[in-house]
Amino acid sequence: MTSEQTWLQQKLQAVDRQAFQNDLQSWYMENHRDLPWRQTKDPYRVWVSEIMLQQTRVDTVIPYYENFMKKFPTMEVLAEAPEDEVLKAWEGLGYYSRVRNLQEAVQEVVANYKAEVPKDRKVFRKLKGVGPYTSGAVISIAFDQEEPAVDGNVMRVFSRICNIDEDIGKEKTKQLFEQVQAQFLEGAKPSIFNQAIMELGALICTPKSPGCLLCPVQNHCLARAEGKEEDLPVKSKKKAPSKKTLSVAVVQDDAGRVLLRKRPDQGLLAGMWEFPHVESSSENLMNDASSMLLKDHDVSAEIVGEIQYVEHTFTHLIWKMHVHRATVREAPVPSETEVWVTLDEAALYALPVSQQKILRHLKGE
DNA sequence: CACTCGTGGTA
DNA sequence: TTACCAAGAGT
């Protein structure tokens with residue numbers, strides 16, 4: 001036995017895991033929220049909910065989930081849906097690769113697994129967008145298998161319960177907590193237990209000022225016993241987002257239609273639609289927009305001037321957008337990645353929030 | 001490992 | 001206003 005395993009065993013032996021299970025599961029049965037995806041064990045629905053919930057709040061997800069399941073009630077329907085329609089259903093939810101990967105994975109399941117979600121975690125794990133957490137979550141919740149599913153809640157709760165001060169930002173730490181959770185899972189009701197840990201993290205064992213006085217497992221908590229609950233989990237700080245100055249062109253033809261283009265299918269905002277823009281220095285905004293339009297869209301336009309300034313912050317990036325109006329007499333022929341549309345029609349395309357800010361401003365003028 | 005990849009809520 | 005956060009995965 002390695003020293004690491006010995007260290008872990010000491011941590012685990014300090015907690016009565018049997019009693020912990022009982023107290024936690026009883027609490028969950030009495031106190032859990034009645035969320036839409038908890039009304040079913042359909043693995044497809046559980047899967048969709050887990051993808052949506054990645055890095056996203058429950059309150060945000062609920063309306064998207066309802067709409068998505070209404071539009072794509074089965075894996076067959078989602079598999080055959082046009083990608084633009086799927087992206088539109090995800091508009092505003094962020095991390096758009098999630099839904100592109102989900103559709104690709106669902107297509108794979110329909111084609112190669114008789115439209116049934118694989119019950120083997122390792123098989124399910126191979127699908128696009130299904131990582132260490134999601135594989136365990138869907139398999140344990142939908143199929144009630146004893147598999148760990150380590151998310152931020154799980155690491156926060158167990159770091160406090162077991163007084164573990166490893167940096168939860170590290171990949172290796174996540175693997176450590178998979179071992180911890182696997183130990184706690186033994187003899188539990190997997191579907192209940194895993195959801196209960198996450199529910200506890202969401203409602204009681206919160207990042208800031210945890211509700212220890214209301215906690216069903218406060219008597220099992222090593223951090224609480226030492227008054228260290230506010231100091232855990234340990235998490236390294238993220239670096240500040242970098243800034244980019246963009247020159248944006250709202251190109252309008254004689255009929256009042258504007259040019260939208262589709263972003264590449266890789267990288268930031270993949271597959272979403274946008275007003276054409278180019279990274280620019282703040283001194284050459286007009287010229288850079290003009291040459292971008294000519295080079296990328298074969299459009300010779302007259303840039304009239306700046307009509308809006310918008311800042312939009314991503315997780316790791318800040319766009320400082322200088323929006324210009326430009327006019328052309330006759331719109332060129334559209335392509336796969338270019339459309340000329342009225343402002344009302346523009347709303348039918350999947351637009352990220354940054355572009356919705358611009359569109360709203362145009363409509364308000 | 002470190003970085004990319006969104007958005008809206010909160011202190 | 002800044003900073004951090006919320007059921008992570010891909011590269």
Side-chain angles (χ1 to χ4, degrees), chain A residues 32-33 35-38 45-65 87 90-102 104-105 124-142 148-157 167-175 177-178 181 191 193-203 205-210 233 235-242 244 263-272 274 311-319 350-357:
Chain A
H32 71 79
R33 294 167 292 178
L35 302 172
W37 45 89
R38 287 180 174 160
R45 292 184 171 246
V46 174
W47 184 6
V48 170
S49 75
E50 291 300 341
I51 299 298
M52 284 190 173
L53 285 163
Q54 289 171 9
Q55 302 292 288
T56 311
R57 289 182 148 75
V58 164
D59 289 344
T60 303
V61 165
I62 289 174
Y64 282 93
Y65 175 84
L87 265 178
W90 211 267
E91 179 187 71
L93 198 51
Y95 289 142
Y96 300 99
S97 295
R98 289 184 294 176
V99 75
R100 297 159 61 81
N101 289 336
L102 173 63
E104 187 179 331
F124 184 52
R125 170 74 176 82
K126 294 181 190 300
L127 298 170
K128 273 283 177 59
V130 179
Y133 165 75
T134 304
S135 57
V138 174
I139 296 297
S140 65
I141 294 172
V150 175
D151 71 337
N153 288 310
V154 169
M155 289 194 283
R156 184 170 59 256
V157 170
D167 182 349
I168 66 170
K170 306 288 185 186
E171 180 61 30
K172 182 156 189 186
T173 305
K174 188 185 296 181
Q175 295 173 22
F177 279 106
E178 281 184 356
Q181 191 180 10
S191 180
F193 184 86
N194 280 356
Q195 293 187 77
I197 288 287
M198 292 188 280
E199 193 77 344
L200 186 73
L203 300 181
C205 196
T206 48
K208 294 168 186 173
S209 46
K235 191 176 185 179
S236 52
K237 290 176 183 174
K238 293 170 187 171
K239 67 172 189 179
S242 58
K244 275 191 181 180
R263 292 181 63 89
D265 62 5
Q266 296 287 326
L268 184 68
L269 305 171
M272 302 291 281
E274 67 183 5
E311 280 195 9
H312 187 78
T313 302
F314 301 89
T315 303
H316 61 294
L317 203 58
I318 300 177
W319 276 0
L351 301 173
V353 169
S354 56
Q355 307 302 300
Q356 290 178 18
K357 289 178 182 174

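Bear in mind the structure is a predicted one, so any value in this text is a computation, not a measurement. Convention: sequence-line order gives letters A, B, ...; per-chain numbering from 1.
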Separation of B/dG8 C1' from A/Glu91 CD (nearest whole Å): 15 Å
Looking at every strand, decide which applies to [X] at a 4.0 Å heavy-atom threshold: base, sugar-phosphate, or nothing.
X	answer
A/Thr313	base
A/Trp319	nothing
A/Gln55	base
A/Val130	sugar-phosphate
A/Arg263	nothing
A/Thr56	base
A/Leu35	base
A/Lys238	nothing
A/Arg100	nothing

Centroid separation A/His312 to A/Phe314 less than 6.0 Å: yes
Any side-chain N or O of [X] below 4.0 angstrom from OP1/OP2 of [N]?
X	N	answer
A/His316	B/dT4	no
A/Thr134	C/dA9	yes
A/Lys174	C/dG8	no
A/Tyr96	B/dT7	yes

Of the listed nucleotides [options], the one nearest the side chain of [X]:
X	options	result
A/Arg125	B/dA2, B/dT7, C/dG10	C/dG10
A/Lys239	B/dC3, B/dG6, B/dT7	B/dC3
A/Leu268	B/dT7, B/dC5, C/dG8	B/dC5

Taking [M] as the reference, what is the distance to [N] when you measure between their [atom1] atoms (whole Å, please)?
N	M	atom1	result
B/dG6	C/dC5	C1'	13 Å
C/dT1	B/dG8	C1'	16 Å
C/dC4	B/dC3	P	15 Å

Donor-acceptor pair under 3.5 Å, A/Thr60 side chain vs B/dG8 base: no
First encountered from the 5' end of DNA chain C, between A/Gly129 and A/Ala240: A/Ala240
Nearest-nucleotide comparison on DNA chain C, the residue closer to the 5′ end among A/Ile51 and A/Arg57: A/Arg57
Residue whose nearest DNA chain B nucleotide is more 5′ - A/Thr173 or A/Gly267: A/Thr173
Pair A/Arg98-A/Thr134, side-chain donor/acceptor within less than 3.5 Å: no
Side chains of A/Tyr133 and A/Glu50, donor plus acceptor under 3.5 Å: yes
Check: A/Gln55 and A/Tyr95 side chains under 4.5 Å, non-hydrogen atoms: yes
